[in-house]
Amino acid sequence: MIRLRPAKKLLSFAGGGLSSLAAVQGAILAALFGGAPLSAQRADLSLPSPGQAAAEPLSADDLRRAEALAQYATALRLEQVASPRSALEHYLKALAADPANADLAMHTAELAYSFRGRAAAVALLEKAVEANPDAPETYLNLARFCATYAPDDPFENDRAKQALERALTRFPDNAEVHGFAAMTLLSQGRREEAAQVLENAATREVNDPAYWLELGRAAQQVWPLGQAEAREEHARRVNPFFERALRHARAGGDEAQRLEIAQYYLLTNQLKPARDLCQEIVRVGGNLQARKLLHRLHEAFEEKAEALRELEAIVAAAPADVEYRKLLARAWLEREQPARAVEHLEAALQAGGGSVDDYLQVGETLLRSAQFERLVEFSRRGARLFPDQAMFHVQAAMAQRSLLNWDEAVRAFERAAALAEGGSSELVNHRFYFQYGVTLERAGRHEEAGRQFEKSITVTPQDDPEAAASAMNYLGYMWLELDRHLDKAGELIRKANELQPDSAAYIDSLGWWHYKRGDYPAALRELQRAAALLPEPQAEDAEIFEHIGRVHLALRQPEQARLVFEKARALNTPDEKVRRHIEEGLKAAAEAAAER
């Protein structure tokens with residue numbers, strides 16, 4: 001059983017369009033009595049003046065249009081209250097009054113099919129063709145209906161194909177007709193006939209780019225470019241339609257049509273012609289959408305400089321475009337220029353708001369760009385907006401630490417820890433406790449720092465031995481420097497070396513532990529082993545050589561100590577404490593040599 005549906009859209013009659021039942025009724029009153037709809041004017045009960053001319057009589061067209069509108073209004077109301085059979089009678093009367101109305105004929109035919117059969121429905125559509133032979137849609141409606149509602153007799157002539165042939169003959173330069181015919185044949189599994197329709201259409205001499213674009217859209221269905229095995233052959237069949245469209249669009253200066261062609265090339269993975277055409281469009285008019293496509297294409301070709309240039313142009317033209325602000329920020333981050341990224345990340349927040357992750361990204365970027373004072377203020381703002389998010393306090397702590405504000409950094413970590421341990425479990429990890437410990441150590445709160453390092457070691461995952469070794473070595477070395485808990489320090493440092501056996505820094509700590517215990521030969525052996533792992537020592541390696549020099553002094557070898565201290569000095573370490581120890585060592589070596 002076919003379930004009827006109400007009219008898909010309100011129909012347009014010869015006198016104009018309708019938008020609602022009230023509009024229909026108003027239009028009927030206007031047609032019958034002239035002037036504006038009754039609801040739109042005030043009542044005038046005064047008698048006409050003696051000299052006022054009588055109203056002109058309605059023309060035949062006015063009466064016909066009024067009759068059609070009245071019947072349509074009634075039919076629409078009946079269909080809306082689920083009385084399709086009654087509605088059909090009024091649609092038929094409306095169609096009799098306006099037989100050339102293609103939309104009305106199609107809807108009436110669909111109703112007639114349900115209550116009077118296919119032949120009656122087809123007859124209505126044939127009459128619409130006769131009444132309006134210059135309208136392609138009347139032919140297409142007939143073809144669509146015949147293709148959708150198959151005849152009971154399988155040997156009946158193919159009325160759909162006949163209607164299409166009539167339309168193609170009468171409208172040889174109408175792309176919609178060609179496209180509809182091809183799609184209809186394709187839906188019936190007659191791909192070769194559909195292809196022939198488009199090939200015939202391609203022989204026409206039409207200068208309108210819209211004609212070729214319409215054919216190109218249909219051609220993509222007949223010769224789909226998504227089939228990898230046939231893509232090259234199908235592109236050879238489809239591309240000529242878009243090439244013809246481009247030629248005529250260039251001649252007519254139509255930017256929108258050229259952009260559609262560029263999108264076709266992009267979506268069909270023909271990237272070079274897409275890029276060339278987008279460059280042409282941008283060069284001529286600076287079209288924003290073309291720039292966006294061009295940016296994607298430069299990225300696809302790994303043309304990084306060109307892609308960045310287009311991003312900057314897009315943001316300059318559309319500063320409130322959050323997506324492209326973020327893309328530009330990402331581009332600067334990829335180039336290790338976080339200071340230039342911050343500007344666009346903050347502008348994106350101002351333009352479109354942001355999630356907690358967006359705010360945290362700004363904070364991270366401020367940290368990477370060493371804008372520590374700005375980060376302190378920004379973190380306060382983030383913490384106000386998202387009071388349950390501990391990470392803003394961590395970012396503030398890192399900024400304060402970089403500014404050497406150790407007490408403020410510790411307080412920020414304390415706030416973060418309170419929030420994290422109260423619910424933000426994803427933050428309570430070994431890295432958090434390690435950084436908290438480092439901050440407490442720099443603030444001179446060593447016992448508290450030791451507890452945080454121990455927490456870090458305890459919660460470090462077994463599959464991350466590098467992080468565990470780092471925390472063990474840091475804590476062990478801290479105790480060595482303070483001359484506290486030496487046994488515990490040795491245990492931590494030996495374990496770090498088991499986890500990471502070829503780390504010069506950890507071997508240095510092991511050698512220094514031997515030195516602190518007074519075992520100078522063992523200390524020298526381990527420290528020289530650490531130095532041997534440094535084929536090209538850097539500034540941060542100066543401490544290893546300073547340690548070797550001090551061991552030589554302890555072994556009463558001032559000349560060897562002097563040579564090693566001079567090597568350490570030549571590395572020009574930025575660490576003031578290590579530099580001071582090097583100078584003290586050189587002085588002690590000189591004094592020891594003089595005594596000998």
Side-chain angles (χ1 to χ4, degrees), residues 102 106 109-110 113 118 121-122 125-126 129 133 135-249 257 260-261 263-270 273-274:
M106 184 63 180
E110 289 178 325
Y113 175 76
R118 184 175 185 277
V122 171
L125 294 171
E126 288 280 13
V129 172
E137 57 266 26
T138 60
Y139 297 85
L140 301 186
N141 282 343
L142 176 59
R144 182 185 294 111
F145 184 90
C146 292
T148 303
Y149 303 100
D152 296 330
D153 183 358
F155 298 103
E156 182 180 326
N157 290 334
D158 189 343
R159 297 289 292 275
K161 184 177 180 182
Q162 292 173 358
L164 291 176
E165 289 173 349
R166 290 164 63 190
L168 289 168
T169 300
R170 189 169 184 86
F171 308 101
D173 293 335
N174 187 301
E176 183 182 359
V177 170
H178 288 291
F180 181 86
M183 292 302 95
T184 301
L185 292 167
L186 188 64
S187 68
Q188 297 173 338
R190 297 149 75 171
R191 185 178 299 275
E192 292 184 3
E193 293 178 63
Q196 188 60 55
V197 167
L198 294 180
E199 288 170 357
N200 292 341
T203 65
R204 305 298 299 177
E205 292 297 330
V206 179
N207 295 330
D208 184 0
Y211 173 88
W212 298 103
L213 283 173
E214 182 73 26
L215 294 180
R217 297 184 198 107
Q220 291 181 78
Q221 303 300 316
V222 175
W223 297 291
L225 295 173
Q227 299 175 358
E229 67 279 2
R231 181 177 296 148
E232 185 175 349
E233 169 61 19
H234 287 185
R236 187 180 64 79
R237 307 292 292 273
V238 176
N239 280 355
F241 293 102
F242 288 93
E243 290 165 1
R244 296 279 291 275
L246 180 57
R247 184 163 71 248
H248 295 299
Q257 290 172 332
E260 181 178 347
I261 297 163
Q263 290 170 326
Y264 158 74
Y265 284 130
L266 175 61
L267 294 174
T268 56
N269 207 34
Q270 301 180 73

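These values consider heavy atoms only, across backbone and side chains, with no hydrogens, waters or symmetry-generated copies. By convention here, the first residue in the shown sequence is residue 1.
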Colleague: Within the 3.5 Å criterion, strictly below it, is a donor on Gln196 or Asn200 matched to an acceptor on the partner's side chain?
Modeller: yes
Colleague: Do other residues, nucleotides or ligands put more than 12 heavy atoms under 6.0 Å from the CD atom of Glu229?
Modeller: yes
Colleague: Within the distance-only criterion (no hydrogens, no angle test), does the side chain of Trp212 pair as donor or acceptor with the backbone N or O of Leu246 below 3.5 angstrom?
Modeller: no
Colleague: Under the side chain to side chain contact (heavy atoms under 4.5 Å, CB included) test, which residues partner Arg170, sequence neighbours left out?
Modeller: Pro133, Asp134, Tyr139
Colleague: Using the side-chain contact (heavy atoms from CB on, under 4.5 Å) rule, take Val197 and Phe180 through it: C-alpha gap first, then chi angles, then the decisive distance, then the call.
Modeller: CA-CA 10 Å; Val197 167; Phe180 181 86; over 6 Å; no
Colleague: Do Leu185 and Arg191 have side chains that get closer than 4.5 Å, going by heavy atoms?
Modeller: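 With C-beta onward as the side chain, the pair stays apart.
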Colleague: Is a salt bridge present between Arg144 and Glu110, judged by a nitrogen-to-oxygen distance below 4.0 Å?
Modeller: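 Result for this pair is no, no salt bridge flagged.
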Colleague: Find out whether Lys161 and Gln188 are in side-chain contact, i.e. whether some heavy atom of one side chain is under 4.5 Å from a heavy atom of the other.
Modeller: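 Of all side-chain heavy-atom pairs linking Gln188 with Lys161, none is under 4.5 Å.
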Colleague: So with a 6.0 Å cut-off around CD of Glu176, is the heavy-atom count from everything else above 12?
Modeller: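 Not buried by this count: 12 neighbours or fewer within 6.0 Å.
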Colleague: Looking only at atom types and distance, does a side-chain atom of His178 sit under 3.5 Å from a main-chain N or O of Leu168, one as donor and one as acceptor?
Modeller: no
Colleague: Parallel, tilted or perpendicular: which describes the rings of Phe145 and Tyr113, with under 30° parallel and over 60° perpendicular?
Modeller: perpendicular
Colleague: With a 4.5 Å limit on heavy-atom distance, are the side chains of Gln270 and Asn239 in contact?
Modeller: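 Yes, close enough: below the 4.5 Å cut-off.
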